[in-house]
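Note: hydrogens, waters and symmetry copies are ignored here, and every other heavy atom, side chains too, is used.
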Amino acid sequence: MKFSWKWIKELANIPNITLEESIKKLTLAGFEIETVNNKKDINDTTIELSITANRSDAASIIGISRELKTIFKSKEISTIKKNTKFNTKNNKFHTIDLNKSKFTDENLSDIQITIIKNIKVKDSPEWLINKLKGCEITQENTLSNISKYINIKWGQDIEIFDINQIDNKEFKEELISIRHINIKENINPIIISDENSNNFIESLTYDNSILSLLGIKSDSNFDCDNNTSSIIIFGHICKPQYVKNTTRLLQYKTEKSQKHVKGLSRDDFIKAYDETVNLVLKLTTTKYVHCITNYKWHQQNTKLTNILINTQKVKHILGTINQEKNLNIEEITHILRQLNFQPKKYQNLIEVSIPEYRKHDITREIDIIEEIGRIYGFNHFIDQLPQIQKKGHISKINILIKKIRNILKQLGLYEIIHYSLNNIDNEKHNLHISLHNPLQEDQKHLRNYLLYNLLNTLKYNNKQKNTFMECFEIGKTFQQKKSLKNKNQIYYQENIHLAGIIGKDNFSKRLWSEKGQELSWFQAKGLLETLFEQIHAKIEWTNHKFNNLTITENYKNIINICHPYKFAILTNNKTKKIVGIFGELNIKYSKEINQNYKKYIFELNLIEIIKTIQIKKHLSYTVTKYSLYPSVTRNICLKLNKKITAKSIKETLISHNKPLIESIQIIDEYYANNHIQESRNINYKIIYRSLNKTLNDNDINEIDNKLNQIIKHINSNISSNI
């Protein structure tokens, strides 16, 4: 905004302060100086200031004068008088207090209407013209100049309408009112809006003519000119929320609406309106007695906002000034008096009362502390960060995430990041958390697990004919659970999950001349075990049918998209609590994403994974006697029932032949081509070794016979149970 420096200096009562010094102080106080232009013809200087959005009180000559008065410790602003009354000498003056009449409205805070008849407009005086020139405001007729003068001085929009333009026949005061206007049905609206709109806005009307849309815009057809003989002076303040809703409805903003949204000073409104009427009476003449009717209504003022501030907190936030000294209580209190905050001291606490013109931007203790630093001068405080003895640390989960991310990238996987919101209609899940005010309908639910988004990304890329990339994602999931004690009680849980999709049609080659082979179950399992090994996690691969595990709804959804016979549940090695799911993607989803080769999916709860990590902080040794005799390696293929797990056979074999069997490793698994048979072949690598002698053929045959008996016994027990 552009202001006259001569005018500001006059109101702020700072005759000995130079422009350069004022610009420096205003800049430190948070007001940016855009330009400075000299006006030699009127012996004045125009300064253009950039006013921040939260300082609407400073968007006027009075506002900037208050700011300079505070900075330079001036006693008072010279032209502000507490009791300004109309000059009613030689005038017929009649005042009507409005109370729940046709002029009052719940969306208004203040309203005043003055009707003055039998006037003759004089030419604008030189002082008025010079003040407008100093602010680079275009001049018109005297009444228009008065309105512009009040606007730039007080920041208030006081409008003056020509009665002859409103009704050139017989003007009737009783036809003036404030009404709800339907912008759809109105014939000549000031603002053209959506034809389908069926909403009401507050308007000042005369009969069926709209003079002004309150807080928005006035009709320029009723403006005054040099021939105006009767006028209506209209001033009002709308509540900010009403103007905000109306501008959103009309999709239209004006300079006036922006002022009302930011908040206008009600105290300044009364003073500005009184000065407007006095200027009109002063700058007009008549042969007859002025006939004046004044309608006014002011909503009861709310109590001043009182805020407590802690002086120790002021010192802690602002820091030290020169020579490592803090602001003392006397200095703080003096600055608060300069700001007109009416401080009251209570030991280390100070209670302040916020003036009406600052209530829109001063609402918290930190706002007052900022004002103290701003007025004292931020340049006086030492610009050094305080030394902190305690250093921050990285949490265990963040260290684990960083390590997992590096490991998976080294294994050739790409990281993908999705939103935490999705559409639950496509995700079959009962317990989900919904947003009350979603931005979009397809993003109104918090995700329960990560694989849903990964599969959608895979499907999208395949439609775009992009090559499939093995990928993973680390992110938060949100679950809604029922309490075990009270089933009607629901609580929310946030977890960090790791999910991924792996699988290629050319994962490995036996010979360079052969075509690449797809990823097998054991190879995919090996990739995940590599991850567990590097993070020192002790994970057990189990089947829920034999372990009677309690599977939550989220894990069931993941199992449903896996192959019915090719998935594993990952559990904590000690507590047996589920930490994740690993499996082969089923045929249905493979067709949806248009992939003809096997793909494997996994999702892990990293919070539970941390509980399985066991890192030895020191070396521990187990001393055992080393056998001096040679070992015998045998590769055997056992035909087992499908119901028997390979791990259970391994544990059984070791327990029955512990002295002679040194180790057993599972090498591979084979099925028949039709997959109908109830048996499968498991290939084991067994190492025999004795601590006392060299094993001969009889010893080895004896071990083999015992193994066969054990396997037959297990198979017979399972078949009898079936």
Side-chain angles (χ1 to χ4, degrees), residues 508 510-511 517 519-530 532-533 538-543 545-547 565-566 568 570-571 573-574 576 582 619-722:
S508 62
R510 295 182 180 178
L511 297 174
Q517 296 180 349
L519 184 69
S520 67
W521 167 274
F522 289 101
Q523 289 170 331
K525 179 174 177 287
L527 291 175
L528 206 56
E529 285 182 333
T530 301
F532 296 149
E533 183 179 352
K538 304 297 180 182
I539 304 296
E540 185 175 350
W541 299 65
T542 61
N543 189 326
K545 294 182 180 179
F546 297 98
N547 296 80
Y565 302 111
K566 293 184 180 181
L570 311 181
T571 61
N573 196 17
K574 290 185 177 181
K576 306 301 179 184
F582 174 84
L619 294 176
S620 60
Y621 298 95
T622 303
V623 180
T624 58
K625 185 179 179 180
Y626 181 75
S627 176
L628 300 175
Y629 300 97
S631 64
V632 178
T633 302
R634 296 287 298 273
N635 288 339
I636 63 173
C637 183
L638 302 180
K639 187 175 183 180
L640 302 175
N641 192 295
K642 283 187 177 181
K643 303 295 182 180
I644 304 175
T645 62
K647 183 180 178 182
S648 62
I649 296 297
K650 176 182 175 180
E651 293 174 352
T652 304
L653 295 177
I654 293 176
S655 63
H656 283 77
N657 297 275
K658 195 169 184 179
L660 297 179
I661 298 179
E662 185 177 81
S663 65
I664 299 177
Q665 293 182 357
I666 302 171
I667 298 177
D668 210 340
E669 180 182 31
Y670 303 95
Y671 284 91
N673 292 331
N674 51 19
H675 283 255
I676 298 176
Q677 297 180 5
E678 291 296 325
S679 62
R680 71 190 194 281
N681 298 320
I682 305 294
N683 192 3
Y684 291 92
K685 179 182 179 181
I686 305 177
I687 298 178
Y688 304 144
R689 192 195 300 267
S690 174
L691 295 173
N692 304 319
K693 64 177 182 177
T694 300
L695 298 177
N696 54 32
D697 292 340
N698 293 329
D699 296 328
I700 295 172
N701 290 332
E702 185 179 352
I703 297 172
D704 290 342
N705 291 331
K706 287 184 180 180
L707 293 178
N708 287 329
Q709 291 176 5
I710 294 169
I711 294 167
K712 287 179 181 179
H713 178 71
I714 294 173
N715 275 327
S716 62
N717 287 340
I718 291 179
S719 59
S720 62
N721 291 332
I722 294 174

Practice prompt. Mark yes when over 12 heavy atoms from residues, nucleotides or ligands other than D697 sit less than 6.0 Å from its CG; otherwise mark no.
Written response: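 Not more than 12 within 6.0 Å, no.
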With sequence neighbours left out, write down each residue that passes side-chain contact (heavy atoms from CB on, under 4.5 Å) with [X], or none if nothing qualifies.
X	answer
A524	I502, L519, F582, Y600
I687	S631, T633, E662, S663
K538	N573, Q614

Kindly give the heavy-atom pair with the smallest separation between [X] and [Y], and that separation in Å.
X	Y	answer
S627	S690	OG-O, 2.6 Å
R634	I700	NH1-CG2, 2.8 Å
A568	W521	N-CH2, 4.1 Å

Discussion item. Going by salt bridge (Lys or Arg N to Asp or Glu O under 4.0 Å), name the residues that satisfy it together with E529, two or more places apart in sequence or in a different chain.
Written reply: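 E529 satisfies salt bridge (Lys or Arg N to Asp or Glu O under 4.0 Å) with K525 only.
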Discussion item. Just to verify, what does D699 make a salt bridge (Lys or Arg N to Asp or Glu O under 4.0 Å) with, not counting sequence neighbours?
Written reply: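 Per chain and number, D699 pairs via salt bridge (Lys or Arg N to Asp or Glu O under 4.0 Å) with K693.
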Worksheet item: How long is the span from the CG atom in N683 to the CD1 atom in I667, to the nearest 0.5 Å?
Response: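 The distance works out to 4.5 Å.
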Practice prompt. Enter the distance from N698:CG to I703:CD1 here, rounded to the nearest 0.5 Å.
Written response: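 Answer for the CG-CD1 pair, N698 versus I703, is 11.0 Å.
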Discussion item. Is it the case that the side chain of Y629 and the backbone of L695 share a donor-acceptor pair, with hydrogens and angles ignored and the cut-off at 3.5 Å?
Written reply: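 Answer holds: no.
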Who pairs with [X] by side chain to side chain donor-acceptor pair (under 3.5 Å), at least two apart in sequence or on another chain?
X	answer
K574	none
Q523	S520
Y688	D704

Item to complete: Evaluate the side-chain proximity of L528 to I539: yes if any heavy-atom separation is below 4.5 Å, no if none is.
Response: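 Of all side-chain heavy-atom pairs linking L528 with I539, none is under 4.5 Å.
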Fill in: Check: Y684 and N635 side chains under 4.5 Å, non-hydrogen atoms
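A side-chain contact is absent here, since even the closest heavy-atom pair is not under 4.5 Å.
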